[in-house]
Amino acid sequence: MDIDFIANILFATIRMGTPLLIVAIGELVCEKSGVLNLGQEGMMLMGAVTGFMIAFHTDSLFIGFMGSVVAGALMALLFAVVTMHFYANQVATGLALTILGVGLSGFMGRSYVGEALTNIDFQIPLLSSIPFFGKVLFSHDVLVYISIGLAGAVYWFFKSTRAGLVVKAVGESPESAQSLGLSVLKVRYLAIVFGGAMAGLAGGYLSLIDTPLWAENMTAGRGWIALALVVFASWRVERVVFGAYLFGFMSIMHLVLQSFGLSVSSNLLATLPYVATVVVLVLLSRNQQRIKLFAPMSLGKSFHGAH
Amino acid sequence: MRIKLEARGQQSKLMSYASPILAALLTLICGAFLFWMLGKSPMQALHTFLIMPISDPYRIAELLVKAGPIVLCAMGLSICFRANIWNIGAEGQLLMGGLVGSCAALALLDSQGIWVLPLILVAGILGGMAWAAIPAFLKNYFNTNEILSTIMLNYISLNILLHGVHGPLKDPNGFNFPESALFSDWQTMPILLEGTRLHLGVSFALLAMVGVWVLMSKTFIGFQIKVLGGDERSAHFAGFKHKRLVWFCLLLCGGLAGLAGVGEVTGPIGQLVPNISPGYGYAAIIVAFLGRLHPLGILFAGLLMALLYMGGEMVQIHLDLPLAVTGVFQGMLLLFLLICDVLIGYRIIVHKSAPKIVKQSLSIEPPAVAIEGK
């Protein structure tokens, strides 16, 4: 095993972890405001298909990503309306959003299956030619750096801004927040739509950069893994970053194992990220007290106080 | 004019039955609009989508063949949902039932006799139960959230199934196609109606419906499940065994979903293939809610869902629209149902105009003056 091999593994780990990081950060903000949106998978798929369709016709990745963000945000808006104005159960609505996203994205993208975008290569000049670190840290696409900046911004938002405090207050106790004159609905709208926009962006990352093509159900459960990731990180940004890259590593584990000459069926190795998710959930949820301590108090509960 | 929601004193029974019908109508209207946007005549498209699938006896038989596994899964899910156990894993349990049943069938490929098929069915049921036992065990002893564990198990089971058909279970004489050997006549479901694909497995759905109805409305364990779902603390104070109920609900659901899976491979398919289910396990979630978690309601909702699957095939053949139209209708149906369900707990109040309290209080004399005058 040589140094180039390790560099390649680390490079792929960061690349696979990036979409997970983006969607998990979005969901973290959403959950901090007390809303559990299980529709990540559906929003990601809508982001992926919309981004691909737009980029395919405009030949612009940037406009494509804009489309992804808008598509994810619109799906989230639908979730917000149904849960907050029609008092629908958040779990059921999230499931519905996923089912709708799977169906609608498959429907919209039907004629784009098999088409491909010409891949772009983004590298930071000079720095990327440093041996080892150049490959691992400086030769990624721009979204990798944006996602890290995003995580930093959200960390700062919750740690040092008043708005971050407001979001947390709404998530812990919407009744108290409302009695202080904060608009629970407005805060939750913004948090949900932000979550959706990030899910859309992550979906766009998959269809525009990771594998520049569209395939039905191409997110392959990443939205669900991201949900587990937020629990894993006990709603802390820095742990989400760590967790995302850990799961990114899990999803390229088969390449590592195969390079050691292990001949296991690729289908069985493909189960590794899902098995890892279950194992992590089991280890974490053994201690219920710990989850109760870190989870936003009103997570998943409808708020009826606004009327 | 202002529209406002006002809480009803108690839940409206009428609305809980009207809501699914209203949701279906709204889905229909949106569907017509969707077809119109795609440049098809809405009436003709809806006719192709909803009427054509039931226009002759063969197609009605096909509808029942599709409704069978959906209803079986939804019956099992309804018991879990009644107990407030969010089992999303019917799809994985169905796939496992199909896989384990196929393993049994392939092991008995040369056997003949009336006992072969029941043995395969039992293997399939056990496969589904074993797969459902994992989230039950994790929930009971590690407090693991069943939504995420069952979803992950769905992906895992699909990959294990793919491993099976691409590897050890592949037909050695099959020209390298990812398919198992064809099952023999002793191993496939007998056909109930000559000239169609209507097979014995479909009648299991009816049996399950009666069974679930008896369980939920006539037995003590059904009562315990309802109490557990209604209020967990009450169930605890009443001394009901929480863990045992979780085991019971998930294993029962796993068994029914497993039966649905093995019914597919020994029924209309007749061998193990990579895609034994077009998302029946997920569709069953919608069906369970649409049928109000009631066995009879689930039967009707299951037929409607099968109609959506058939309709998708019809518009693909006749109108050159993608099959995925079914998925769009499924998503709309569940979303509209959740929206319409608000009417169960709330009534809509329409004010003709906003109350003009401010103006009135300005036009009369200040009350302070009146008191002074006295």
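Here is how names work: the chains are called A, B, and so on, in the same order as the sequence lines, proteins then strands, and each is numbered from 1.
Neither the backbone nor the side chain of B/I348 comes within less than 4.5 Å of any heavy atom in chain A. No part of A/V81 comes within reach of chain B, as not one of its non-hydrogen atoms sits under 4.5 angstrom from that chain. Residue contact with chain A, scored on non-hydrogen atoms closer than 4.5 Å, involves the side chain of B/I88 exclusively. Heavy-atom distances place the side chain of B/I286, and not its backbone, under 4.5 Å from chain A. For a residue to count as touching a neighbouring chain, one of its non-hydrogen atoms must lie under 4.5 Å from one of that chain's; by this rule B/D341 does not touch chain A. Contact of B/F329 with chain A is not made at all, since no heavy-atom distance falls under 4.5 Å. In this structure, chain A has a heavy atom under 4.5 Å from the side chain of B/I147, while its backbone stays farther away. Looking at B/L162, both its backbone and its side chain come within 4.5 Å of chain A, counting heavy atoms on both sides. With a threshold of 4.5 angstrom between heavy atoms, B/L38 approaches chain A through side-chain atoms but not through N, CA, C or O. Heavy atoms of A/V102 lying under 4.5 Å from chain B are absent altogether. A/L38 touches chain B through its side chain: at least one heavy atom from C-beta onward sits under 4.5 Å away, while N, CA, C and O do not.
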Could you walk me through whether B/L34 and A/F107 pass the side-chain contact (heavy atoms from CB on, under 4.5 Å) check?
-> CA-CA 11 Å; B/L34 180 75; A/F107 179 74; 4.2 Å; yes
Evaluate the side-chain contact (heavy atoms from CB on, under 4.5 Å) criterion for residues A/Y274 and B/I151: first the C-alpha distance (whole Å), next the side-chain angles of each, then the deciding distance (0.1 Å), finally the verdict.
-> CA-CA 9 Å; A/Y274 311 118; B/I151 276 276; over 6 Å; no
Determine, stepwise, if the pair A/T277 / B/Y155 fulfils side-chain contact (heavy atoms from CB on, under 4.5 Å).
-> CA-CA 11 Å; A/T277 307; B/Y155 287 103; over 6 Å; no
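Among the candidates A/L268, A/L281, A/V278, A/L104, the residue making the largest number of heavy-atom pairs closer than 4.5 Å to chain B is A/L268. For the set A/L284, A/L269, A/V82, the count of heavy-atom pairs under 4.5 angstrom toward chain B peaks at A/V82. Between chain B and the residues A/V91, A/V275, A/T83, the most heavy-atom pairs under 4.5 angstrom are made by A/V91. Per-residue counts of heavy-atom pairs under 4.5 Å with chain A were compared for B/N154, B/I156, B/L334; the largest is that of B/I156. Per-residue heavy-atom pair counts under 4.5 Å with chain A were compared for B/I134, B/T144, B/L153, and the maximum is reached by B/T144. Put simply, of B/A283, B/A7, B/G327, B/P322, the one with the most heavy-atom pairs under 4.5 Å next to chain A is B/P322.
With contacts defined as side-chain heavy-atom distances shorter than 4.5 Å, the pair B/L148/A/L227 qualifies. Side chains of B/I339 and A/H85 form no contact here, defined as non-hydrogen atoms less than 4.5 Å apart.
The two residues B/V342 and A/Y87 make their nearest non-hydrogen contact at CG2-CD1, 4.1 Å. Closest non-hydrogen pair, A/I99 versus B/Y282, comes out as CD1-O, 4.3 Å. Closest non-hydrogen pair, B/A324 versus A/G106, comes out as CB-C, 3.7 Å. Between B/V328 and A/L100, the closest heavy-atom pair is O-CD1, 3.9 Å.
Other residues, nucleotides and ligands place no more than 12 heavy atoms under 6.0 Å from the NE2 atom of B/H236. A 6.0 Å sphere centred on CZ of A/F242 holds no more than 12 heavy atoms belonging to other residues, nucleotides or ligands. Counting non-hydrogen atoms of other residues, nucleotides and ligands closer than 6.0 Å to CZ of A/R110 gives a total of 12 or fewer.
For the atom pair CG of A/L97 and CG of B/L335, the computed distance is 6.5 Å after rounding to the nearest 0.5 Å.
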